[in-house]
Structures are given as structure tokens and as C-alpha cells.
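Take a look at the structure below.
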Amino acid sequence: MNKKVKKLWVKALRSGKYKQGIGNLRCGDEFCCLGVLCDLHRKLVRKKSVDIWGVSCSAHGYSYYNEDCSLPKLVTEWAGLTGKPNPCINGISLIRYNDKMNYNFNKIADLIEENL
């Protein structure tokens, strides 16, 4: 993983600026851990020129580059996670840590920092 992007992602997860959610990259003002990475991409690469968050098929979810649950290819390449739309740590996807195992953003940041 790109070290600069990893540092920014871990910092964003620990910042308290993102409210944690499940089920989508973003749902209203809540984000999953992968949604935070997408939002960093939006802020740093897109520079807010266009709000690329689109409405997803779920009632309140948003997609990012037409993905609502996985990282778009553009984001995986930017982050140095090429070929990993659902990054795994210890054989478990970050989505599962976020959605099913109830890891908070601080715990997920620890995992990313130590393993990616």
C-alpha cells in the first residue's frame, strides 16, 4: 500500500470526523472504513471539483464511481491496493471487520497500520 495514503487513511479513521456506518461505502453521513478511503480520494484527487458520490441502489446509500460496497479500481490504484477491491487482513476483509465484527475505526486503523 502507498505509505502516504495509508498514513492519511489511518489518520482520517482516528480523527473522529467520520461517523461509522455499515452496509455501504457511505450512507447519509455515515461511512464504512472503505468509504473513508473513497472520501479521501475525493478530497485529495478530485479536489471537491465534482461531488462524485452518486445515489446507490439502496435507500440511503451512496456509490463512489459506481461502487457502493467495494473500492472502485481508481481508488485501489491510487492507494496502492491494486487488485484488492476488498482488502483483507489475516484472511478477513476490512468490510467484515467494519460490518460484522463491529470493530470501531480506531481498531480498524490499528489493523491497517500494522498489516497493510
Side-chain angles (χ1 to χ4, degrees):
M1 174 167 201
N2 177 297
K3 289 180 182 182
K4 180 181 175 185
V5 173
K6 177 172 137 177
K7 185 175 180 178
L8 292 169
W9 189 15
V10 166
K11 183 178 179 181
L13 288 169
R14 291 181 176 143
S15 71
K17 293 179 182 178
Y18 288 93
K19 186 175 178 182
Q20 189 170 6
I22 62 170
N24 287 82
L25 293 172
R26 177 180 169 198
C27 191
D29 66 345
E30 297 179 347
F31 293 79
C32 83
C33 60
L34 299 181
V36 172
L37 184 60
C38 289
D39 203 51
L40 286 174
H41 178 268
R42 179 188 66 85
K43 289 176 179 177
L44 298 170
V45 177
R46 299 292 301 179
K47 306 222 187 291
K48 297 186 184 181
S49 60
V50 176
D51 191 355
I52 199 72
W53 285 106
V55 178
S56 112
C57 59
S58 63
H60 302 288
Y62 292 91
S63 62
Y64 192 71
Y65 283 93
N66 298 316
E67 293 288 344
D68 57 2
C69 294
S70 302
L71 290 175
K73 184 178 180 181
L74 190 70
V75 176
T76 61
E77 290 173 353
W78 169 73
L81 294 166
T82 305
K84 299 179 183 178
N86 297 311
C88 292
I89 295 173
N90 301 323
I92 300 170
S93 74
L94 288 177
I95 293 170
R96 186 165 179 77
Y97 282 112
N98 189 89
D99 291 5
K100 302 289 184 194
M101 297 173 69
N102 300 315
Y103 274 49
N104 64 34
F105 279 167
N106 285 321
K107 282 185 170 182
I108 293 171
D110 290 343
L111 287 172
I112 292 166
E113 194 169 50
E114 295 167 10
N115 298 284
L116 289 181

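The shown structure was predicted, so the numbers you read here are calculated from the model rather than taken from an experiment.
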Does some side-chain heavy atom of [Y] sit less than 4.5 Å from a side-chain heavy atom of [X]?
| X | Y | result |
| --- | --- | --- |
| V36 | W9 | yes |
| Y97 | N90 | yes |
| L40 | W78 | yes |

**Study point:** Residues Y64, L34; criterion side-chain contact (heavy atoms from CB on, under 4.5 Å); working and verdict
**Key:** CA-CA 11 Å; Y64 192 71; L34 299 181; over 6 Å; no
Say you draw a straight line from [atom1] of [X] to [atom2] of [Y]; how long is it, rounded to the nearest 0.5 Å?
| X | Y | atom1 | atom2 | result |
| --- | --- | --- | --- | --- |
| K107 | N104 | NZ | CG | 6.5 Å |
| L13 | L37 | CG | CG | 8.5 Å |
| H41 | L8 | NE2 | CG | 13.0 Å |
| L71 | T76 | CG | OG1 | 6.5 Å |

Give me the atom names and distance for the closest heavy-atom approach of [X] to [Y].
| X | Y | value |
| --- | --- | --- |
| N102 | D99 | OD1-O, 4.1 Å |
| E30 | Q20 | CD-O, 4.0 Å |
| S70 | N86 | OG-OD1, 3.2 Å |
| C38 | P72 | SG-CD, 3.8 Å |
| C88 | G91 | CB-C, 4.3 Å |
| I95 | C69 | CD1-O, 3.2 Å |

Practice item. Tell me, with the steps shown, if M101 and I92 meet side-chain contact (heavy atoms from CB on, under 4.5 Å). Key: CA-CA 10 Å; M101 297 173 69; I92 300 170; 3.9 Å; yes
Practice item. Report whether Y103 and I22 are members of the same hydrophobic cluster (ILVMFWY, side-chain heavy atoms less than 4.5 Å apart, transitive linking). Key: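 Result: no, two separate clusters.
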Point to revise | Result of checking Y62, Y18, F105 against F31 for ring pair (Phe, Tyr, Trp, His ring centres under 6.0 Å) | key: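 Going through the options one by one, the only one that passes is Y18.
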**Study point:** side-chain hydrogen bond (donor to acceptor under 3.5 Å, both in side chains) partners for S93, two or more places apart
**Key:**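 side-chain hydrogen bond (donor to acceptor under 3.5 Å, both in side chains) list for S93, sorted by chain: empty.
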Exercise for review: May I ask you to decide if C33's main-chain N or O and N98's side chain share a donor-acceptor pair within less than 3.5 Å?
Suggested key: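 Present.
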Review point. Where the side chain of R26 meets the backbone of G28, is there a donor-acceptor pair that is under 3.5 Å apart?
Key: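 Yes, because the side chain of R26 sits within donor-acceptor range (under 3.5 Å) of the backbone of G28.
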For residues 108-116, tabulate all N or O donor-acceptor pairs below 3.5 Å that involve a side-chain atom, not counting sequence neighbours.
| residue | atom | partner | partner atom | Å |
| --- | --- | --- | --- | --- |
| D110 | OD1 | R14 | NH2 | 2.6 |
| E113 | OE1 | R14 | NH1 | 3.4 |
| E113 | OE1 | R14 | NH2 | 3.0 |
| E113 | OE2 | R14 | NH1 | 3.4 |
| N115 | ND2 | L111 | O | 2.9 |

Check your understanding: Does K84 NZ have over 12 foreign heavy atoms under 6.0 Å away?
Key ->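 Atom NZ in K84 is not packed in, count stays at 12 or less.
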Point to revise | Test side-chain contact (heavy atoms from CB on, under 4.5 Å) applied to N24 and C32, step by step | key: CA-CA 7 Å; N24 287 82; C32 83; over 6 Å; no
